[in-house]
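Bear in mind that the values here come from a model prediction, so they are computed numbers and not experimental data.
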Amino acid sequence: GSCRINHPPPMKFWLHALKDAVYERRVVVGEEASESSHELAKLKWDKATLQRIHVSEEMNYDDAFTIQEVDQELMNDFNFVAGMVPPIAVFLEDLQNDSEDEAEEEQEDKESVSRQDVFEGSDSEKPRRRHGRLTAKTASDFCKALAELSDFMIVNGEPKKDRQKLLRNLQVMDTLVSILKQYKTKYSDIEEKLLMVDVCEAIYNLLDKYLDGDSRKNELYVARHIPFFLTQVGLGLSAESVSMELVRDNR
């Protein structure tokens with residue numbers, strides 16, 4: 001069927017497609033600006049053109065959008081991956097907040113030393129503020145979720161492209177790469193480092209499943225992260241297999 005879309009519903013505006021206006025992303029989603037990855041960030045992983053849309057007070061005849069019925073199996077696949085998005089995003093947010101808290105704590109320590117608080121009862125003798133760090137349970141639950149998502153990519157021993165595509169469309173891969181970037185080469189807490197190693201290994205294992213099947217789109221989508229992946233080679237995070245897969249048979 002077809003319909004016209006009122007957006008937002010309480011207002012008298014209608015979704016209108018600009019036929020001659022091509023939409024181009026200003027930045028690559030999830031990509032940080034860096035000289036080493038600048039050229040790779042330009043890689044086009046999808047040749048489909050995107051059109052600009054806006055809202056209009058007039059309801060135009062040619063703004064009838066087509067609605068297509070989707071198989072229940074595809075809906076189930078979408079709901080499964082979509083259900084993983086919030087906890088993955090929250091996990092990343094918590095790691096970023098922990099890093100900010102740790103940086104603030106280090107700055108406070110430096111200021112305390114610079115003031116030379118050596119007298120009894122001074123700030124230097126006050127207990128250190130504890131910020132929420134990665135716990136064994138949180139890391140374990142996250143790794144189990146990623147293992148479940150990895151298994152979901154494979155059906156009867158073969159990669160399922162429709163399910164891999166959902167990791168792109170829902171930007172799961174971008175969020176996971178951002179989590180990988182939270183790994184530090186130096187940790188004051190060895191337990192926290194070991195937990196992050198487990199997390200990174202689980203992410204790279206999922207990346208392996210995502211790249212399985214020789215899908216050119218999948219490879220091009222994550223190829224812009226090759227310079228970053230290479231920085232994690234040799235750190236015991238299982239980055240080697242993903243890096244090799246991305247450069248294999250590519251000349």
key: Gap separating the CD atom of Gln232 from the NZ atom of Lys181, nearest 0.5 angstrom   = 9.5 Å
ask   = How far does CG of Asp174 sit from CZ of Arg224, to the nearest 0.5 angstrom?
value = 5.0 Å
query = Does Val85 have any side chain to side chain contact (heavy atoms under 4.5 Å, CB included) partners at least two apart in sequence or in another chain, and if so, which?
reply = Leu170, Val172
query = With a 4.0 Å cut-off, would you call Asp141 and Lys137 a salt bridge?
reply = yes
ask   = Taking a hydrophobic cluster as the set of Ile, Leu, Val, Met, Phe, Trp and Tyr residues connected by side-chain heavy atoms closer than 4.5 Å, whether directly or through intermediates, do Leu166 and Val155 fall within one such cluster?
value = no
ask   = Who are the side chain to side chain contact (heavy atoms under 4.5 Å, CB included) partners of Thr231, not counting sequence neighbours?
value = Phe228
ask   = Is Ser238 close to Glu201 at the side-chain level, that is, under 4.5 Å between some pair of heavy atoms?
value = yes
ask   = Between CD of Glu192 and NZ of Lys184, what distance do you get to the nearest 0.5 Å?
value = 5.5 Å
query = Quick one: are Ile226 and Ser243 in side-chain contact, heavy atoms under 4.5 Å?
reply = no
key: Qualifying residues under side chain to side chain contact (heavy atoms under 4.5 Å, CB included), relative to Ala145, sequence neighbours excluded   = Met84
Summary of ring-ring contact (aromatic ring centres under 6.0 Å, His included) pairs that have at least one residue in residues 157-179, sequence neighbours excluded = none
task = List for me each residue that meets side chain to side chain contact (heavy atoms under 4.5 Å, CB included) alongside Asp162, sequence neighbours excluded, and say none if there are none.
result = Leu74
Polar side-chain atom of Thr138 near backbone of Leu134 as donor-acceptor pair, under 3.5 Å = no
query = Is there a path of hydrophobic side-chain contacts, each under 4.5 Å between heavy atoms of I, L, V, M, F, W or Y residues, that connects Leu95 with Leu235?
reply = yes
inquiry  = Suppose we screen for side chain to side chain donor-acceptor pair (under 3.5 Å). Which residues come up paired with Asn76, at least two apart in sequence or across chains?
reply    = Gln72
Summary of salt bridge (charged side-chain N to carboxylate O under 4.0 Å, His left out) pairs that have at least one residue in residues 74-83, sequence neighbours excluded = Asp77-Arg163
request  = Output all residues satisfying ring pair (Phe, Tyr, Trp, His ring centres under 6.0 Å) with Tyr187, sequence neighbours left out; order by chain, then residue number.
outcome  = Tyr183
For residues 205-213, run the donor-acceptor check on the side chains, cut-off 3.5 Å, and write out each pair with its distance to 0.1 Å, sequence neighbours left out.
residue: Asp208; atom: OD1; partner: Ser241; partner atom: OG; Å: 3.4
residue: Asp208; atom: OD2; partner: Ser241; partner atom: OG; Å: 2.9
residue: Tyr210; atom: OH; partner: Asn218; partner atom: OD1; Å: 3.3

key: Atom pair CD1 (Ile88) and CE (Met173), whose distance is rounded to the nearest 0.5 Å   = 9.5 Å
note = Quick note, ring-ring contact (aromatic ring centres under 6.0 Å, His included) partners involving residues 148-179, not counting sequence neighbours, are Phe80-Phe152
note = dist Gln182:CD -> Asp94:CG (nearest 0.5 Å) comes out at 11.0 Å
task = Measure across Pro87 and Gly83 and return the closest heavy-atom pair with its distance rounded to 0.1 Å.
result = CD-O, 3.4 Å
key: Where at least one partner belongs to residues 145-161, residue pairs that pass salt bridge (charged side-chain N to carboxylate O under 4.0 Å, His left out), sequence neighbours excluded   = Glu73-Lys160
4.5 Å side-chain heavy-atom contact, Leu167 and Leu149 = yes
ask   = How long is the gap from CD1 on Ile203 to CG on Asp198, to the nearest 0.5 Å?
value = 11.5 Å
request  = Using a 4.5 Å cut-off on heavy atoms from C-beta on, say whether the side chain of Thr175 contacts that of Phe91.
outcome  = no
task = Return the orientation label for the Tyr204 and Phe229 ring planes: parallel under 30°, perpendicular over 60°, tilted otherwise.
result = perpendicular
ask   = Should Leu195 and Val90 be counted in the same cluster of Ile, Leu, Val, Met, Phe, Trp and Tyr side chains packed under 4.5 Å apart?
value = no
ask   = If only atom types and distance count, is the side chain of Gln164 paired as donor or acceptor with the main-chain N or O of Ile154 below 3.5 Å?
value = no
remark   = Hits for side chain to side chain donor-acceptor pair (under 3.5 Å) against Ser140, two or more places apart or cross-chain, chain-then-number order -> none
